[in-house]
Amino acid sequence: MTTDRGTVRSLDDPNIFVETPATIFDAVPPYPPRTEREAEFYHLRDGEMLLNLGPQHPSTHGVLRVVLKVDGERVTDLDPVLGYLHRGVEKICENGDWHQAISNCDPLEYVASMFSEAMPVLAAEKLLDLQVPRRAEYIRVLCWELNRIASHGLFMGWLALDLGGLTPLLYGFIERDTIVEMMAALTGQRMLFNYLRIGGVNRDLNHDFLSRLGDWMGKAAVELENEAKLLNENEIFVRRTKGMGTLDREAALRLCVTGPNLRAAGVPYDVRRAHPYSVYPELDFDIPTREEGDSYARYLLRIDEIRESIRIIDQCLHEMPDGPIMAKIPRLIRIPPGRAFISVESPRGQYSCYAMSDGSDQPFRLRLHDPSYFTLQAVGHLLPGNLIADSMAVMASLDPIMGGIDK
Amino acid sequence: MSVITRPWNRLSLAGKIILPLFLLLVLLTVLLIAGWQIGVIPGLIEIVADLVRSNIDIFRFIGTATVTLLITIPVAFVIIYMEMKVIAFLASRIGPNRIGPWGTLSSVFHGFKVLAKEDFTPTGADAAVFTMAPIITYLSSVLTLLVIPFAPGLVGLDMNIGLLYFFAVSGLTVVGLLTAGWSSFNKYSLIGGLRAAAQIVSYELPLLLAPVGIIMLAGTLSLNQIVIKQAGWFWDWYVFQQPLAFIVFFIAATAEGNRTPFDLTEADSEIVAGFATEYSGMRFGFFFFAEYVNVFILSALTVVLFFGGWNSPINAQEVLNFLHIGSLTPNLDISTLGIWLLWILVFGVPIILLLIALPLWLLKSSWSFVKSLIVAFVLFNVLAVAAFMVWAFLSFEVVVGLIWFLAKVFTFVFIFVWMRGTLPRVRIDQLMGFAWKWLVEIALLNVFITAGAILLLQELNR
């Protein structure tokens, strides 16, 4: 293939590494620019260099590839390249029945998969107009909030790791591992739970789970404070995050950013309060917000959210009624024709699903709205002008998960 | 044949190694005794001694160079193990615990692993420069060991410009890192190399300016003389006369050694591994070794300049004079004890045994009294031998000095490791700003204050 940069041969050519080593490792795509933006981006001015960040890079949190245009250490422009983790989950879901869609949606948000697996479940329940038993609802809320803590706990560690601190990651992992083991006692899996069912949940709470949960709840608040003490007032950490990657209110709203990133910019939008689902209206919890919108605010906000989640779990355990955990529905469900839109508040924002049914036992269409994808759009808005080191910190503080972005 | 092969096959791997070594040892002993009896060995020794005596300078040079190079290997292994274990404890993990007792041999096996790995040169790399870079880095750290006084008389070369030599040679590190970054044909390496150049050149300035006060106080550039000037009690160490200089020096040394929070040259979350991204095998091993040897050397220099080198914190002579004791090593002539020796053996030993056995018996409810007595006897023997060894060692000034020096140095190595486990990384502009806006100014201020104080004292004493 011939471009304005010379002839570029196929990667399968065995002689490629001998003949054109310089061009083949370049970040420039081996085809002529398709859009004006691409032409402008890949045209280098004096002193600029393209730096290929990913897809195999320690701190892109998955297989994200970002082509950075750098002038020395300063990032002048960037081009995120998506699709390295694309599996066509939405299409796969259309070829299986509704129950299979649950386990297909599981690995989308692989750090908090209880939320992505809720998508087909809640959509089908809405189409069926099904009343889920109250005990099942409470168990779901319990699992969601536990999963939110696990996800945010991991976030605290990852942010520190991307800033060069080794230890907080492992403390974050202690917390996460306790919860994940607890969930494994309940669901049988550590990461991809496959626990929710249309009309309820898979199994009732068992002794193993409850004893682990009780042990953990006794010390959760104290351990959270200890963990927060590692970083919150660390001078280097504060200087690296305060005022960095400031996402203001208007930009966040325009970019459709939701979740903690939006609340850190001062918008108290939380699906659990704005469009209540499950038993959240009956529970007493606050929506923490912060005004600054920078990396530090996003970090502190997630710690506040962990505190609120602990409150919710406490209430769930106190108010959980006895009763069945599954609604009376047949094993093979035919969902009535129609369309449904549902959304939940995942640790990364509003996770929504738009489902269409044609009356068969398979979803006709299952479209997923992943908050990480919209968070990632903010990266292009926030990084230019920063240093390379800060681009990692800002990306980590936005906390995108590539599984849901590439689907 | 099976008479030999069957027992051999039954041996474990360790046995297969130990048995031939043991036989070899027996053979060597027999040969040595025989050779001594015949008179061959004394003659050989005489010839070798003559050779050494006539070429003492050459042998001294070869010996010093060999020891300086070889000492880096155990030092690096110890520090690597220490780093793995300390960071593991900081993160409430167990750390290496598989190879050797408590995982002590794991860093040695890391070394073997690095040796066994493929030594890869990427396409487009400048192969000659790519190979030279780790050697330059390694040698520039190792060569500085030459002037560091480990103990009284135990110094590779007592140069009268030792400090200047140290900074001149360690400044070459940046050449290695920069060429490594440039020759790797990788943008991450390039950024890492340039960061290293910027960082080390910036921090060389405060690192050089901080000891100027000490040079003025000591009146010499020789590290050995600087240590001798700090003899006495611990308040005679220069850290108490130059606290500002110590703070500046320690921060600059952290940056100079590319340690957290200034490890931007190999920031794994930003530029993968910096200048070492494309390196593998032993060429990477040299970088790895150089880094840990650097930690040791910078700690050693901190100790030498600010913490009295091999001097003990207690002025032993003054204490002995105060207590009216002539020497620390008492007379070993037991005949002076006379009949008291009998009393000590008859009553002293059983009393000490009981003193050890009783707490054991009281604490361990499952142990019978006889068992605790036996354990106490073993413990007593171990303690007695240890006490005797300590006594023997203390009578050698070199050994005492070396123990104090290494204890102080590894305290600082521990602090370096501790910082690595605790602090996040600073940003490049914060790093450079800190050097130029704060450290250089503070170091200059320190030079000014020290010079003023010296002049003032001279005026007052006149």
Side-chain angles (χ1 to χ4, degrees), chain A residues 16-27 49-54 56-61 68 70 72-74 157-174 223 226 230-231 234-241 244 386-393 395-396, chain B residues 83-84 86-95 121-126 184-192 194-195 198-199 251 254 258-274 277-278 417-434:
Chain A
I16 196 90
F17 296 106
V18 183
E19 288 183 8
T20 52
T23 45
I24 201 66
F25 295 121
D26 237 337
M49 173 173 90
L50 289 177
L51 185 66
N52 216 346
L53 201 74
Q56 307 279 338
H57 189 276
S59 62
T60 50
H61 296 224
L68 293 176
V70 289
E73 283 267 348
R74 204 161 285 281
W158 277 121
L159 180 59
L161 189 73
D162 282 356
L163 290 170
L166 298 169
T167 310
L169 174 77
L170 292 147
Y171 280 93
F173 257 105
I174 292 174
E223 292 216 340
N226 282 342
L230 282 177
L231 281 180
N234 185 314
E235 183 69 21
I236 298 173
F237 176 76
V238 173
R239 286 203 179 203
R240 287 290 307 271
T241 49
M244 282 300 138
N386 279 329
L387 298 173
I388 295 175
D390 274 335
S391 59
M392 308 300 155
M395 250 197 277
Chain B
E83 178 154 282
M84 288 192 287
V86 169
I87 288 182
F89 284 144
L90 288 176
S92 69
R93 287 183 288 128
I94 297 167
T121 309
T123 317
D126 188 339
S184 293
F185 191 62
N186 181 319
K187 286 169 186 171
Y188 293 123
S189 304
L190 183 60
I191 293 174
L194 290 174
R195 276 184 180 186
Q199 176 179 336
I251 295 171
T254 316
N258 295 330
R259 299 289 299 176
T260 313
F262 304 115
D263 60 339
L264 287 102
T265 54
E266 42 202 314
D268 53 342
S269 62
E270 297 156 22
I271 48 172
V272 190
T277 307
E278 291 288 356
V417 174
W418 184 10
M419 289 203 299
R420 168 139 192 223
T422 313
L423 295 173
R425 188 180 300 126
V426 300
R427 210 169 51 212
I428 184 83
D429 58 331
Q430 292 168 347
L431 176 95
M432 304 296 278
F434 189 58

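Note that this is a predicted model, so its numbers are computed, not measured.
Contacts between B/Arg195 and chain A at a heavy-atom distance below 4.5 Å involve the side chain alone, from C-beta outward. Of the two parts of B/Leu194, neither the backbone nor the side chain holds a non-hydrogen atom closer than 4.5 Å to a non-hydrogen atom of chain A. Only the side chain of A/Asn234 comes within contact range of chain B, with heavy atoms under 4.5 Å apart. For A/Met244, the part lying under 4.5 angstrom from a heavy atom of chain B is the side chain only.
The neighbour count for A/Arg239 CZ, taken as heavy atoms of other residues, nucleotides or ligands under 6.0 Å away, does not exceed 12.
Taking CD from B/Gln430 and CD1 from A/Ile236, the interatomic distance works out to 8.0 Å, rounded to the nearest 0.5 Å. Rounded to the nearest 0.5 Å, atoms CG (A/Asp390) and CD1 (B/Ile428) are 11.5 Å apart. Rounding to the nearest 0.5 Å places CE of A/Met392 at 9.5 Å from CD1 of B/Ile271. Note that CZ of B/Arg425 is 14.0 Å distant from CZ of A/Phe237, once rounded to the nearest 0.5 Å.
Between B/Thr422 and A/Thr167 the shortest side-chain heavy-atom distance does not fall below 4.5 Å. Considering only heavy atoms from C-beta on, B/Ile191 comes within 4.5 Å of A/Met49 through its side chain.
Most heavy-atom pairs under 4.5 Å with chain B, from the set A/Leu163, A/Leu230, A/Ile388, A/Leu169: that is A/Leu163.
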Test side-chain contact (heavy atoms from CB on, under 4.5 Å) applied to B/Leu264 and A/Glu73, step by step: CA-CA 12 Å; B/Leu264 287 102; A/Glu73 283 267 348; over 6 Å; no
Verify side-chain contact (heavy atoms from CB on, under 4.5 Å) between B/Tyr188 and A/Leu53, making sure each step is shown before the conclusion. CA-CA 9 Å; B/Tyr188 293 123; A/Leu53 201 74; 3.6 Å; yes
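Scanning both residues, A/Leu166 and B/Ile87, for their nearest heavy atoms gives CD1-CD1, 4.2 Å. Closest non-hydrogen pair, A/Leu231 versus B/Pro424, comes out as CD2-CG, 4.4 Å.
The backbone N or O of A/Arg240 lies less than 3.5 Å from no partner atom in the side chain of B/Arg427, so there is not a single donor-acceptor pair.
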